[in-house]
Amino acid sequence: YCKGGGNMATEIAELDFSLDDFHNQKVLRGADAYARLIQRLLFMRKGTYPTIPDMGIDISSYRFADLDVLTAGDLKNTIQQQCDTYIEHVPIQDISISTVKIASGYVLFIDISVAGDLKKISIAMLQDGGEIINTRLKVEKPKLINVPRGM
(Lines give C-alpha, C1' and ligand atoms only; values in the text may rest on other atoms or scores of the structure.)
Protein backbone atom coordinates (compact mmCIF):
# COMPACT_ATOMS: atom_id res chain seq x y z
CA TYR A 1 0.00 0.00 0.00
CA CYS A 2 1.02 3.65 -0.37
CA LYS A 3 0.41 6.54 2.02
CA GLY A 4 0.56 10.08 0.78
CA GLY A 5 0.05 11.49 -2.66
CA GLY A 6 0.25 14.69 -4.64
CA ASN A 7 3.10 16.75 -3.22
CA MET A 8 3.15 14.80 0.04
CA ALA A 9 5.90 12.30 0.75
CA THR A 10 4.83 8.78 -0.12
CA GLU A 11 5.58 5.83 2.12
CA ILE A 12 5.23 2.44 0.52
CA ALA A 13 4.91 -0.84 2.40
CA GLU A 14 4.55 -4.44 1.23
CA LEU A 15 3.69 -7.50 3.30
CA ASP A 16 6.25 -10.30 3.32
CA PHE A 17 5.56 -13.99 3.91
CA SER A 18 8.17 -14.24 6.68
CA LEU A 19 7.89 -13.28 10.33
CA ASP A 20 9.84 -10.59 12.15
CA ASP A 21 11.71 -11.09 15.45
CA PHE A 22 8.42 -10.70 17.37
CA HIS A 23 6.64 -13.37 15.27
CA ASN A 24 4.49 -10.81 13.46
CA GLN A 25 4.15 -10.73 9.70
CA LYS A 26 7.11 -8.81 8.30
CA VAL A 27 6.43 -5.55 6.47
CA LEU A 28 8.89 -4.28 3.86
CA ARG A 29 9.16 -0.49 3.50
CA GLY A 30 10.76 1.96 1.11
CA ALA A 31 13.39 0.51 -1.23
CA ASP A 32 12.79 -3.03 0.05
CA ALA A 33 9.08 -2.77 -0.81
CA TYR A 34 9.79 -1.35 -4.29
CA ALA A 35 12.35 -4.09 -4.90
CA ARG A 36 9.86 -6.83 -3.98
CA LEU A 37 7.11 -5.32 -6.18
CA ILE A 38 9.48 -4.96 -9.15
CA GLN A 39 10.70 -8.54 -8.67
CA ARG A 40 7.10 -9.78 -8.71
CA LEU A 41 6.38 -7.87 -11.94
CA LEU A 42 9.51 -9.36 -13.54
CA PHE A 43 8.41 -12.95 -12.93
CA MET A 44 4.66 -12.49 -13.42
CA ARG A 45 3.19 -13.70 -16.73
CA LYS A 46 0.63 -11.55 -18.49
CA GLY A 47 -2.84 -12.87 -17.80
CA THR A 48 -2.00 -14.09 -14.27
CA TYR A 49 -4.76 -11.76 -13.05
CA PRO A 50 -7.66 -11.92 -15.53
CA THR A 51 -8.90 -8.50 -14.41
CA ILE A 52 -5.48 -6.96 -15.22
CA PRO A 53 -4.47 -8.95 -18.34
CA ASP A 54 -1.49 -6.77 -19.36
CA MET A 55 0.25 -6.89 -15.97
CA GLY A 56 3.55 -8.79 -15.94
CA ILE A 57 6.91 -8.93 -17.72
CA ASP A 58 7.59 -12.72 -17.76
CA ILE A 59 11.37 -12.41 -17.57
CA SER A 60 11.72 -16.19 -17.94
CA SER A 61 10.51 -15.92 -21.55
CA TYR A 62 13.67 -13.97 -22.47
CA ARG A 63 16.75 -15.93 -23.53
CA PHE A 64 19.63 -14.12 -21.88
CA ALA A 65 22.12 -15.47 -24.46
CA ASP A 66 20.16 -13.67 -27.22
CA LEU A 67 19.85 -10.38 -25.35
CA ASP A 68 21.21 -7.89 -27.88
CA VAL A 69 21.04 -4.09 -27.60
CA LEU A 70 17.61 -3.95 -29.24
CA THR A 71 16.09 -6.65 -27.00
CA ALA A 72 17.69 -5.13 -23.89
CA GLY A 73 16.21 -1.75 -24.85
CA ASP A 74 12.80 -3.36 -25.28
CA LEU A 75 13.13 -5.08 -21.88
CA LYS A 76 14.17 -1.79 -20.27
CA ASN A 77 11.12 -0.01 -21.75
CA THR A 78 8.84 -2.85 -20.64
CA ILE A 79 10.15 -2.70 -17.07
CA GLN A 80 9.72 1.08 -16.98
CA GLN A 81 6.18 0.92 -18.43
CA GLN A 82 5.09 -1.91 -16.10
CA CYS A 83 6.47 -0.12 -13.03
CA ASP A 84 4.88 3.20 -14.01
CA THR A 85 1.54 1.48 -14.60
CA TYR A 86 1.32 -0.99 -11.70
CA ILE A 87 3.49 0.39 -8.87
CA GLU A 88 2.13 3.64 -7.49
CA HIS A 89 4.65 6.50 -7.19
CA VAL A 90 7.66 4.35 -8.19
CA PRO A 91 10.66 6.76 -8.26
CA ILE A 92 12.71 5.15 -11.07
CA GLN A 93 15.39 7.42 -12.55
CA ASP A 94 17.25 4.92 -14.76
CA ILE A 95 17.39 1.24 -15.66
CA SER A 96 20.49 -0.50 -16.99
CA ILE A 97 20.59 -4.05 -18.33
CA SER A 98 23.60 -6.23 -19.10
CA THR A 99 24.46 -9.91 -19.49
CA VAL A 100 27.59 -11.92 -18.74
CA LYS A 101 28.39 -15.46 -19.91
CA ILE A 102 29.73 -17.77 -17.22
CA ALA A 103 30.48 -21.50 -17.23
CA SER A 104 27.00 -22.48 -16.02
CA GLY A 105 24.99 -20.18 -18.31
CA TYR A 106 24.24 -16.45 -18.57
CA VAL A 107 23.68 -13.90 -15.84
CA LEU A 108 21.30 -11.02 -16.47
CA PHE A 109 21.94 -7.89 -14.40
CA ILE A 110 19.19 -5.31 -13.98
CA ASP A 111 20.18 -2.18 -12.05
CA ILE A 112 17.42 0.28 -11.23
CA SER A 113 18.40 3.72 -9.93
CA VAL A 114 15.71 5.29 -7.80
CA ALA A 115 15.19 8.83 -6.50
CA GLY A 116 14.90 10.21 -3.02
CA ASP A 117 16.31 8.42 0.01
CA LEU A 118 16.63 5.24 -2.02
CA LYS A 119 19.76 4.42 -4.00
CA LYS A 120 19.78 1.35 -6.25
CA ILE A 121 17.94 -1.93 -6.69
CA SER A 122 20.10 -4.65 -8.28
CA ILE A 123 18.69 -7.90 -9.58
CA ALA A 124 20.88 -10.70 -10.92
CA MET A 125 19.42 -13.82 -12.54
CA LEU A 126 21.29 -16.94 -13.67
CA GLN A 127 19.80 -18.69 -16.68
CA ASP A 128 20.98 -22.16 -17.71
CA GLY A 129 19.44 -23.23 -21.01
CA GLY A 130 16.01 -21.63 -21.00
CA GLU A 131 15.46 -21.80 -17.24
CA ILE A 132 16.24 -19.24 -14.53
CA ILE A 133 17.93 -21.28 -11.82
CA ASN A 134 19.00 -18.58 -9.38
CA THR A 135 18.00 -15.01 -8.54
CA ARG A 136 19.60 -12.46 -6.25
CA LEU A 137 18.01 -9.20 -5.18
CA LYS A 138 20.06 -6.47 -3.49
CA VAL A 139 18.97 -3.04 -2.30
CA GLU A 140 21.71 -0.45 -1.83
CA LYS A 141 20.75 2.40 0.44
CA PRO A 142 22.65 5.69 0.69
CA LYS A 143 25.70 5.58 2.89
CA LEU A 144 26.12 8.19 5.58
CA ILE A 145 29.15 10.40 5.12
CA ASN A 146 30.89 11.99 8.07
CA VAL A 147 31.28 15.68 7.41
CA PRO A 148 33.85 17.50 9.56
CA ARG A 149 32.37 20.18 11.79
CA GLY A 150 32.70 23.74 10.62
CA MET A 151 31.94 22.97 6.99
Side-chain angles (χ1 to χ4, degrees), residues 1-7 9-20 25-145:
Y1 70 89
C2 291
K3 282 176 38 178
N7 293 334
T10 300
E11 179 186 331
I12 186 167
E14 181 68 13
L15 293 175
D16 190 37
F17 290 115
S18 62
L19 300 176
D20 65 14
Q25 188 172 12
K26 193 173 183 180
V27 177
L28 303 173
R29 298 188 187 284
D32 296 318
Y34 281 120
R36 179 63 54 90
L37 291 169
I38 291 168
Q39 185 180 34
R40 285 188 187 144
L41 276 177
L42 282 169
F43 284 96
M44 185 181 296
R45 292 186 175 140
K46 288 185 187 242
T48 299
Y49 294 109
T51 56
I52 315 171
D54 292 329
M55 183 180 193
I57 297 167
D58 191 15
I59 193 72
S60 61
S61 68
Y62 287 82
R63 291 202 35 94
F64 299 170
D66 301 330
L67 207 64
D68 59 9
V69 175
L70 187 61
T71 309
D74 178 52
L75 177 58
K76 178 180 171 179
N77 291 338
T78 301
I79 292 169
Q80 182 72 57
Q81 181 272 329
Q82 288 278 316
C83 289
D84 289 346
T85 304
Y86 300 111
I87 302 176
E88 188 176 356
H89 304 293
V90 65
I92 292 177
Q93 288 182 325
D94 188 42
I95 300 171
S96 66
I97 296 174
S98 60
T99 58
V100 174
K101 177 160 180 30
I102 61 172
S104 57
Y106 286 85
V107 179
L108 173 70
F109 295 99
I110 301 173
D111 291 320
I112 302 172
S113 300
V114 289
D117 294 340
L118 316 175
K119 184 85 172 161
K120 184 169 76 168
I121 298 168
S122 297
I123 303 167
M125 290 174 245
L126 172 61
Q127 188 180 64
D128 185 12
E131 186 176 333
I132 296 174
I133 57 174
N134 197 354
T135 301
R136 181 175 174 176
L137 177 70
K138 180 180 173 188
V139 177
E140 283 183 31
K141 296 179 183 165
K143 296 183 176 36
L144 297 176
I145 300 172

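None of these values were measured; they are calculated from a predicted model. As a basis for the values below, the full set of heavy atoms in this structure was taken, side chains included, without hydrogen atoms, waters or symmetry mates.
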*Asks:* Using a 4.5 Å cut-off on heavy atoms from C-beta on, say whether the side chain of Val107 contacts that of Asn134.
*Replies:*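 Asn134 does not reach Val107 side chain to side chain.
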*Asks:* Do Leu67 and Tyr106 have side chains that get closer than 4.5 Å, going by heavy atoms?
*Replies:*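 Not touching, per the 4.5 Å side-chain cut-off.
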*Asks:* Could you give the distance from CG (Leu75) to OG (Ser61), rounded to the nearest 0.5 Å?
*Replies:*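 Output value for this atom pair is 9.0 Å.
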*Asks:* What's the shortest heavy-atom distance between Ile57 and Tyr62, and which atoms?
*Replies:*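 Minimum heavy-atom separation between Ile57 and Tyr62: O-CE1, 4.1 Å.
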*Asks:* Looking at CG of Leu41 and CD1 of Ile59, how far apart are the two atoms once the value is rounded to the nearest 0.5 Å?
*Replies:*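 Output value for this atom pair is 11.5 Å.
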*Asks:* Taking atom types as modelled, is there a side-chain donor on Asp68 or Thr71 under 3.5 Å from an acceptor on the other?
*Replies:*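 Per modelled atom types, Asp68 and Thr71 side chains form a pair under 3.5 Å.
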*Asks:* Would one find more than 12 heavy atoms of other residues, nucleotides or ligands at under 6.0 Å from atom NZ of Lys26?
*Replies:*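 At most 12 heavy atoms, drawn from other residues, nucleotides or ligands, come within 6.0 Å of this atom.
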*Asks:* Measure the shortest side-chain to side-chain distance between Cys83 and Tyr34 over non-hydrogen atoms and say whether it is less than 4.5 angstrom.
*Replies:*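 The answer is no, as the side chains (C-beta and beyond) never meet within the 4.5 Å cut-off.
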*Asks:* Considering all heavy atoms of both residues, which atom of Arg63 and which atom of Gly129 are nearest to each other, and what is their separation?
*Replies:*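 Distance-wise, the nearest heavy atoms are NH1-O, 3.4 Å.
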*Asks:* Is there a donor-acceptor pair closer than 3.5 Å between any side-chain N or O of Gln25 and the backbone N or O of Asp16?
*Replies:*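 Such a contact is found between Gln25 side chain and Asp16 backbone.
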*Asks:* Does any non-hydrogen side-chain atom of Val90 lie less than 4.5 Å from one of Leu37?
*Replies:*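 No, side chains not in contact.
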*Asks:* For Gln82 and Thr78, which I'm curious about, is there any donor-acceptor pair between the side chains at under 3.5 Å?
*Replies:*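 Absent: no donor and acceptor within the cut-off.
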*Asks:* What I'd like to find out is whether the side chain of Lys76 reaches to under 4.5 Å of the side chain of Asp94, using heavy atoms alone.
*Replies:*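 Lys76 reaches Asp94 side chain to side chain.
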*Asks:* By the definition side chain to side chain contact (heavy atoms under 4.5 Å, CB included), identify the one residue from Leu137, Leu42, Ile133 that meets it with Met125.
*Replies:*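 So the option named by the test is Leu42.
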*Asks:* Please assess Thr48 against Phe43 for the test side chain to side chain contact (heavy atoms under 4.5 Å, CB included), listing each intermediate value before the final yes or no.
*Replies:* CA-CA 11 Å; Thr48 299; Phe43 284 96; over 6 Å; no
*Asks:* Have Gln80 and Asp84 got a donor and an acceptor in their side chains that come within less than 3.5 Å?
*Replies:*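 There is such a pair (donor and acceptor under 3.5 Å, judged by atom type) between the side chains of Gln80 and Asp84.
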*Asks:* So which heavy atom on Ala31 is nearest to which on Ile121, and how close?
*Replies:*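 Heavy-atom minimum between the residues: O-CD1, 4.1 Å.
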*Asks:* To the nearest 0.5 angstrom, please state how far the CZ atom of Phe109 sits from the CD1 atom of Ile123.
*Replies:*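 That separation rounds to 12.0 Å.
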*Asks:* Using 0.5 Å steps for rounding, measure from the CG atom of Leu108 to the CZ atom of Phe64.
*Replies:*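 Rounded to the nearest 0.5 Å, the CG-CZ separation comes out at 4.5 Å.
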*Asks:* Given side chain to side chain contact (heavy atoms under 4.5 Å, CB included), test Asp111 with Lys120 step by step and report yes or no.
*Replies:* CA-CA 7 Å; Asp111 291 320; Lys120 184 169 76 168; 4.1 Å; yes
*Asks:* Checking side chain to side chain contact (heavy atoms under 4.5 Å, CB included) for the pair Val27/Leu15: CA distance, chi angles, key distance, verdict?
*Replies:* CA-CA 5 Å; Val27 177; Leu15 293 175; 3.8 Å; yes
*Asks:* In a check of side chain to side chain contact (heavy atoms under 4.5 Å, CB included) between Ile97 and each of Val69, Ile79, Ile112, which one passes?
*Replies:*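 The residue from Val69, Ile79, Ile112 that satisfies side chain to side chain contact (heavy atoms under 4.5 Å, CB included) with Ile97 turns out to be Ile79.
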*Asks:* Are any of the side-chain heavy atoms of Ser60 and Gln127 separated by less than 4.5 Å?
*Replies:*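 Heavy-atom side-chain distance check fails, nothing below 4.5 Å.
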